[in-house]
Amino acid sequence: MKNLRVSHKAESTNTRPSPQSNKFEDWSERDIWMAFRQGDPDAFQHIYETYFALLFNYASQFTSDREAVKDLLQDLFIEIRERRERLASVDSINFYLKKCLRNRITKLIRRGLLVKRTAFGNEHSSFAVALSPETHVITSERTSQTTQLLDRALSKLSVRQREVLIYYYYEGLNYDQITELMGFSNREHARKLVYRAISSLRSSLKKHRSVLFSLIWIVYFLIT
Amino acid sequence: MEYKHFQLEDFLTDEFFVSWVHNPDPSSDHFWENWLKQHPDKVLLIREARTIVQSVGYKHQYRPEAGDYLEVLEKIHQKKHSKLHHQYKHQNRRWLGMAAAVLLLLVGSYLVYEFQPEASPVVAEEPEKPLIREVPFGQKLTVTLPDGSIIKLNSGTTFWYNPQEYGRSQRDVFLKGEAFFDVKRDKTRPFRVFSKEVVTQVLGTTFNIRAYEQDDQVRIAVASGKVSTYSDSRADQSQAEVFRPGELSLFNLEGGSHTRLSFDPVEEYGWKDDALVIKDQTFEDVVQSLEKWYGATFIIDQHVSVDGKFSGTFRDESLENVIKGLGFLSKMNVTQKQDTVWIQPD
């Protein structure tokens with residue numbers, strides 16, 4: 001366990017820490033969070049620095065209102081700082097902050113205080129998912145057709161399905177974490193959502209048989 | 001089920017496999033390497049699954065602007081909550097008040113019930129919940145509001161309002177997309193539509209609002225009666241202006257301008273009578289309109305490039321006939337299978 005600098009005062013008048021490069025470089029998330037809870041302003045600053053852009057992108061997946069996204073981040077950080085002494089310890093700061101943000105966002109949307117992105121295969125819909133740019137390596141006609149089809153198939157999934165795919169594959173969360181994050185009653189729900197999303201993608205692509213073979217060719221080019 | 005019987009979907013939904021791809025460690029590496037040695041026929045499948053797991057990501061990475069980081073940090077240090085936060089807290093207080101009132105009501109009615117052999121049951125008030133209607137591409141929907149106002153929603157539209165609040169002192173509704181309104185006249189309770197940052201206020205009248213998410217303008221066309229429109233953006237609160245039948249109120253959201261124009265009723269809201277109107281549209285715009293109207297998917301070869309404008313009005317026509325009618329077939333190679341259309345160069 002690292003030596004933590006513990007400050008005994010609840011609040012100091014100067015809450016702006018001096019810039020410190022990578023004091024927390026080797027620290028575990030758990031320890032950084034603990035330092036923050038104990039009042040270390042550098043820890044708070046580090047957390048803000050590390051997660052600001054990530055959380056900005058995350059909140060923007062739910063709503064296109066940029067001012068509201070900034071407001072949400074503002075409120076989130078003010079609240080965790082006000083409540084730091086009462087907060088529990090966490091293993092993943094990323095997960096915790098996302099959970100707080102998601103809770104607030106869904107409440108605001110439900111009450112009509114925040115407008116969500118439309119969900120109709122629109123370019124900028126909520127949680128638009130894509131295969132990474134590397135998959136567009138080959139430029140033959142047939143393949144660009146395939147990637148377009150994949151694109152369409154992805155956009156035809158429901159918002160929840162896309163959201164779950166991002167958490168499961170991109171963020172690397174497990175079913176329990178997804179269940180907690182999205183507020184499901186049990187983890188089976190999360191697993192089913194992923195399964196249905198994958199099956200739905202497969203059947204969208206199976207409709208065009210030749211395409212399936214093209215998919216395997218793309219995969220071949222990528223891995224050799 | 002054993003791994004050796006797994007298909008692609010099964011690997012993709014298996015936590016152990018996915019976490020190995022995401023976060024390999026010596027023990028899971030050891031397991032999978034061994035397993036693959038024993039089942040070499042699955043190597044291709046595993047590689048395909050790995051690729052898919054590793055390539056899923058956000059289509060759009062939304063980035064903050066240059067000054068945002070410091071701007072927000074500044075507000076955090078000032079400990080000033082945002083306006084959104086205050087709206088949220090204000091609602092909470094009202095809910096609390098309502099909850100207290102409900103509690104009082106329940107206790108009161110229980111006592112009454114206890115002491116009177118015949119008492120009518122009390123229905124607890126439901127918390128405020130907006131009623132949301134989402135209309136997918138290829139469909140339309142008509143909604144009737146509690147006061148008898150009728151709203152027809154076009155494809156790809158989201159519409160919502162609070163049934164508890166509606167009709168109290170205002171009649172407020174929210175729109176993202178396009179709708180034709182037939183509002184019941186009521187002098188005491190103005191009807192307001194919130195679409196993006198534009199507010200349209202009426203007493204009783206019929207009009208069309210077009211405010212799709214991706215548009216950079218909002219169009220309000222008056223069929224009968226009078227409407228008043230103004231912009232409620234954070235940057236600018238403009239003056240409300242009144243528009244009469246035959247007039248179109250056009251807000252340009254990029255430039256922030258507001259103009260008064262005339263319009264052709266069939267072009268502007270022919271959709272509500274199931275008329276698909278295409279007027280001087282580019283090829284790309286036509287494709288978008290057709291995708292919306294029919295819920296179709298167009299796959300267009302990258303070598304296709306079509307100049308010129310298209311026009312046509314169609315009532316109750318199939319997608320196939322519309323494509324013919326617009327003259328697509330003479331300019332390119334079109335194949336259609338149900339609701340997917342493939343376009344290749346001629």
Tell me whether the guanidinium CZ or amine NZ of B:Arg63 lies under 6.0 angstrom from the six-membered ring centre of A:Phe56 and within 45° of its axis.
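No.
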Could you tell me whether A:Arg117 sits above the aromatic face of B:Tyr62, with NZ or CZ closer than 6.0 angstrom to the six-membered ring centre and within 45 degrees of the axis?
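Because its charged atom sits under 6.0 Å from the ring centre and within 45° of the axis, A:Arg117 does stack over B:Tyr62.
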So which residue, A:Arg104, A:Glu82, A:Lys107, ends up with the most heavy-atom pairs under 4.5 Å with chain B?
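Most heavy-atom pairs under 4.5 Å with chain B: A:Arg104.
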So which of A:Tyr170, A:Tyr195, A:Phe77 has the largest heavy-atom pair count under 4.5 angstrom toward chain B?
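Highest number of pairs under 4.5 Å: A:Tyr170.
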Just by distance, do the side chain of [X] and the backbone of [Y] share a donor-acceptor pair under 3.5 Å?
X       : Y        : result
B:Asp68 : A:Lys70  : no
B:His60 : A:Ala128 : no
B:Tyr69 : A:Ala53  : no

Exceeds 12 heavy-atom contacts within 6.0 angstrom, atom NZ of B:Lys80:
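At most 12 heavy atoms, drawn from other residues, nucleotides or ligands, come within 6.0 Å of this atom.
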Within this structure, what is the [atom1]-[atom2] distance for the pair [X] and [Y], rounded to the nearest 0.5 Å?
X       : Y        : atom1 : atom2 : answer
B:Gln7  : A:Ile198 : CD    : CD1   : 14.0 Å
B:His85 : A:Gln74  : NE2   : CD    : 10.0 Å
B:Thr13 : A:Tyr175 : OG1   : OH    : 5.0 Å
B:Ser82 : A:Leu73  : OG    : CG    : 10.0 Å
B:His86 : A:Leu113 : NE2   : CG    : 13.5 Å
B:Lys59 : A:Ile166 : NZ    : CD1   : 11.5 Å

Any Lys/Arg nitrogen of [X] or [Y] sitting under 4.0 Å from an Asp/Glu carboxylate oxygen of the other?
X        : Y        : answer
B:Glu15  : A:Arg187 : yes
B:Lys83  : A:Asp71  : no
A:Lys116 : B:Glu134 : yes

Does B:Arg210 have any salt bridge (charged side-chain N to carboxylate O under 4.0 Å, His left out) partners at least two apart in sequence or in another chain, and if so, which?
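Expected list: B:Glu178, B:Asp215.
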For B:Asp29, which residues count as a salt bridge (charged side-chain N to carboxylate O under 4.0 Å, His left out) partner, sequence neighbours excluded?
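For B:Asp29, no residue satisfies salt bridge (charged side-chain N to carboxylate O under 4.0 Å, His left out) once neighbours in sequence are set aside.
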By a 4.5 Å heavy-atom criterion (distance strictly below it), what part of A:Tyr167 contacts chain B: side chain, backbone, both, or neither?
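Looking at A:Tyr167, nothing touches chain B.
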Heavy-atom closest pair, residues [X] and [Y]:
X        : Y        : value
A:Gly112 : B:Trp160 : CA-NE1, 4.3 Å
A:Ile78  : B:Lys75  : CD1-O, 4.0 Å
A:Ser64  : B:Glu213 : OG-OE2, 3.3 Å

Report which part of [X] has an atom under 4.5 Å of a heavy atom belonging to chain A: side chain, backbone, both, or neither.
X        : value
B:Glu65  : both
B:Asn92  : both
B:Tyr88  : both
B:Phe16  : neither
B:Ile132 : neither
B:Val18  : side chain

Which one of B:Arg50, B:Gln87, B:Glu291, B:Gln61 has the most heavy-atom pairs closer than 4.5 Å to chain A?
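With the most close heavy-atom pairs to chain A, the winner is B:Gln61.
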Which one wins on heavy-atom pair count under 4.5 Å against chain A: B:Ile300, B:Val21, B:Leu73, B:Asn23?
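The option with the most such pairs is B:Leu73.
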